[in-house]
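Hydrogens, waters and symmetry mates are skipped; everything else that's a heavy atom, side chains included, is used. When a residue number appears, it is its place in the shown sequence, counting from 1. Remember, it's 1-based here, ligands and their atoms both numbered in the order they're listed.
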Amino acid sequence: MADHTPPALDFDGLRPPSPFLTERHDGWRSQLRSFVDTHIAPNLAEWDAASDFPDSLYLEAAKAGILGMGFREDLGGTGEDIDLWDRIIFAEEFFRLGSGVVFADLATPWIALPPIISGGTPEMLDRVAKPVLAGQKKIAFAVTEPGGGSDVSGFTTTAERKGDVFVVNGGKTLISGAMKADYLLTAVRTGGPGMGGLSMLLIETDRPGVTRGPVPGLQWYNRNNGWLGFENVEVPVTNLIGVENRGFAGLAGQFNIERFSGISATLAMARTCIAEAIAFARERQTFGKRLIDHQSMRHKIVEMIQRLKAAYAFLDILVWRFQRGETPVADLALLKVQATTTLEHCARESLQVLGGRAYTGDNRVERIYREARIFVIGGGSEEILRDLAAKQMGF
Ligand SMILES: Cc1cc2nc3c(=O)[nH]c(=O)nc-3n(C[C@H](O)[C@H](O)[C@H](O)COP(=O)(O)OP(=O)(O)OC[C@H]3O[C@@H](n4cnc5c(N)ncnc54)[C@H](O)[C@@H]3O)c2cc1C
């Protein structure tokens, strides 16, 4: 018989039941939660304040079978037999606490490594993939340029072929993990203008002519985010990843993975916000009754839950469609807008419920409020994704 007990209004209880999640997924979630609770939660306040985390976390994550999620076992991964839910659960568990300080850097291999494994030379498996998955080397995904990130067709970093090398000139900015990266998967212009002239190139950061530095004033989460400069950097032509001048096709596939992670992260943070708001509103007394007994406060909370449930229903059905081989790009773009604006709403409203308490450091809401904005920009901004959806729909 179905259980009609209402779920607890905490982080787990706020996830609407999904017909697609299995016991295996629950096991993966427990493994991740235990890792986050053991290795990240106790240090989070300190890492937040320092905008950094120690390199040992990469090694711990590799040892715990987390860094290698979904990669081939012979490369040190956990095996390719995973599904989209496993990635979603990963993002949810890392963002349960609003720990953006670590996630972007730890999850970059998901985006940067697959094109290298499938489209690079065999020696890159030993030299790049294995040490990255072992947590010994780091990789960044360097696409955005100082002249703009949304308009990929306008990228100006060039890689000019001269004999056995490409000579790279230009620069990138806002790149997660740039300050510590040993390798960069970089979008470069090898051909004419537009999307058609772009290629993906592996660039080692110790090559002469590579410079880097922190993005001045970046406040968000992590001081390892930085800019990169390339001045006559000579890169062997064997570092070309995939097919010359067809780099955009490779990028687009990676963007889908990035979008699902962003969506899952935002909905997890929305759940944390709502759970904190509910817990506080049940305790706090104003004007002789609990906050939650004031109708306007109750409505705030219920509206947050309403928006969250709508976003999860959309997510569940979209994952199901991708897993059966469809690629509904327009819907994925719209879901990202739906999820990120849901988080913006929940962060604002839960912070309002907490009032001044939000700023006293004993809850995650204020931090999530600050982190929420980046998700509406990175991985495809709201405007660009709406336009992408419109184009896909044939407008
Ligand atoms: C913390 C952080 C981490 C990041 N990590 C990485 C990373 O690891 N690798 C990487 O490559 N990049 C990274 N980025 C960059 C991110 O991908 C870009 O910020 C994003 O793609 C938007 O590009 P932009 O900031 O240059 O904005 P622009 O392209 O200059 O656009 C500015 C604004 O105008 C809007 N806009 C642009 N064109 C249109 C249009 N045609 N119609 C309507 N509105 C439009 C955009 O939506 C945006 O709101 C990161 C950014 C941040 C803040």
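- Any N or O atom pair closer than 3.5 Å counts here, and S150 shares at least one such pair with ligand 1.
- Few gaps surround NZ on K180; more than 12 heavy atoms of other groups in view lie less than 6.0 Å from it.
- Backbone and side-chain nitrogen or oxygen atoms of T173 are examined, and none is located within less than 3.5 angstrom of a nitrogen or oxygen of ligand 1.
- Membership of the apolar cluster around V167 extends to V165, as traced through chained side-chain contacts below 4.5 Å between ILVMFWY residues.
- The aromatic rings of W85 and F20 lie parallel to each other, with less than 30° between the two planes, well short of the 60° mark.
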Just list the side-chain donor-acceptor pairs under 3.5 Å for residues 377-388, sequence neighbours left out, or say none.
{"from": "S381", "atom 1": "OG", "to": "I384", "atom 2": "N", "distance (Å)": "3.4"}
{"from": "E382", "atom 1": "OE2", "to": "R386", "atom 2": "NH1", "distance (Å)": "2.9"}

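- Listed by atom number, the atoms of ligand 1 under 4.0 Å from S381 heavy atoms are 46 (C), 47 (O).
- Contact annotation for N225 and ligand 1: only side-chain heavy atoms (C-beta onward) come within less than 4.0 Å of the ligand.
- Outside the 6.0 Å centre-distance limit, the rings of Y183 and F141 are not counted as a close aromatic pair.
- Geometrically, ligand 1 and I384 share no nitrogen or oxygen pair separated by less than 3.5 Å.
- The shortest N/O to N/O separation between S176 and ligand 1 falls below 3.5 Å.
- To the nearest 0.5 Å, atom CZ of residue F11 and atom CD of residue E93 are 5.5 Å apart.
- Under 4.0 angstrom from ligand 1, the non-hydrogen atoms of V143 come from both its backbone and its side chain.
- For the side-chain hydrogen bond (donor to acceptor under 3.5 Å, both in side chains) test with E303, the passing option among K300, R307, H299 is R307; the others fail.
- Distances from atom 30 (O) of ligand 1 to the heavy atoms of G148, A178, P146, A181 show the closest one on G148.
- Residue I377 places no N or O, backbone or side chain, under 3.5 Å from any N or O of ligand 1.
- Considering backbone and side-chain atoms together, T144 places an N or O closer than 3.5 Å to an N or O of ligand 1.
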